[in-house]
Amino acid sequence: MAVSEDLLWDAEDKSTRIVPRLRRMAVIAGCLGILGLVLWVDSDLRWAVCPAAAYVLVEVAHWAWDRRRLVEARIVVGESGGGARLRLRHAGGRITEHDPHQVARVLIIHDNVVATAKLRLRLRRKRLFFGRPGRSPLLTTWRETCPRAAANDRNAWWGMPGIPD
């Protein structure tokens, strides 16, 4: 890491997790296919195909949502000697840069059971970014980096130890 860069957010898992997802989809499709062949005689196969198609659609939607999640946020110096920029790296590999003064809200949600946190980052144009779980960052760093942002943290509303969910 260069001296001029500050790490603001670092997720624990930075992969796209595509291999387990494909393996899960293949196992479910295979099981439903075998079940369909066994029950093919004198039955309607739609009841087995519709849940399989719905499952595949849900997996694709989750993959599209998950690849937009943030895995890293850094503050970097502008390229032409300009001001600092907020560099966001997404799980799908896309990197975007934003003006730190355009950040409207930073919310860090601490997990009640495990020592991790989740990031919610909102820009002025109402664009919302979700961060994958990672180590809990210092809130003062976010406040210094994004002076116009409302930087807050809170505990999660679920997962309390000793209280069944």
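For the single chain, residues carry numbers from 1 onward in sequence order.
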So, taking the atom named CG in Leu107 and the one named CG in Leu128, what distance separates them when rounded to the nearest 0.5 Å?
9.5 Å
Using 4.0 Å as the upper bound for N to carboxylate O, is an ion pair formed by Asp111 and Lys118?
no
Is the backbone N or O of Arg68 less than 3.5 Å from a side-chain atom of His90, with the two atoms forming a donor-acceptor pair by type?
yes
More than 12 heavy atoms of other groups within 6.0 Å of Arg105 CZ
no
Say you draw a straight line from CG of Asn152 to CD1 of Ile109; how long is it, rounded to the nearest 0.5 Å?
11.0 Å
Are Leu86 and Ile108 linked, directly or through other ILVMFWY residues, by side chains that come within less than 4.5 angstrom of each other?
yes
Between Gly131 and Arg120, the two heavy atoms sitting closest are O-NH1, 4.3 Å
Gap separating the CZ atom of Arg87 from the CG atom of Leu7, nearest 0.5 angstrom
12.0 Å
Here's a test for you: under side chain to side chain contact (heavy atoms under 4.5 Å, CB included), which of Thr140, Val103, Val106, Ile75 qualifies with Thr145?
Ile75
Output, in order, the C-alpha distance, side-chain angles, deciding distance and verdict of side-chain contact (heavy atoms from CB on, under 4.5 Å) for Leu119 and Phe129.
CA-CA 8 Å; Leu119 173 71; Phe129 294 103; over 6 Å; no
Which heavy-atom pair separates Trp9 from Pro133 by the least distance, and what is that distance?
CZ2-C, 4.3 Å
By side-chain contact (heavy atoms from CB on, under 4.5 Å), which residues pair with Glu59, not counting sequence neighbours?
Arg21, Arg24, Met25, Tyr55
Can you tell me if CZ on Arg135 sees more than 12 non-hydrogen neighbours from other groups inside 6.0 Å?
no
State the CZ-CG distance between Arg89 and Asp10, to the nearest 0.5 angstrom.
8.5 Å
Taking CZ in Arg154 as the centre, count heavy atoms belonging to other residues, nucleotides or ligands within less than 6.0 Å. Is the count above 12?
yes
If you take all heavy atoms of Glu97 and Arg85, which pair is closest and at what distance?
O-NH2, 3.4 Å
Distance col, row Leu139:CG vs Glu144:CD, nearest 0.5 angstrom, shows 10.5 Å
Mind listing the closest non-hydrogen atom pair of Pro100 and Ala84 along with its distance?
CD-O, 3.2 Å
Hey, is the main chain of Arg69 close enough, under 3.5 Å, to the side chain of Arg132 for a donor-acceptor pair?
no
Using every non-hydrogen atom in the two residues, find where Arg143 and Ala151 come nearest and quote the distance to one decimal.
NH2-O, 2.9 Å
If the condition is salt bridge (Lys or Arg N to Asp or Glu O under 4.0 Å), which residues does Arg124 pass it with, not counting sequence neighbours?
none
Starting from Leu88, can I reach Leu8 by hopping between I/L/V/M/F/W/Y residues whose side chains sit under 4.5 Å apart?
yes
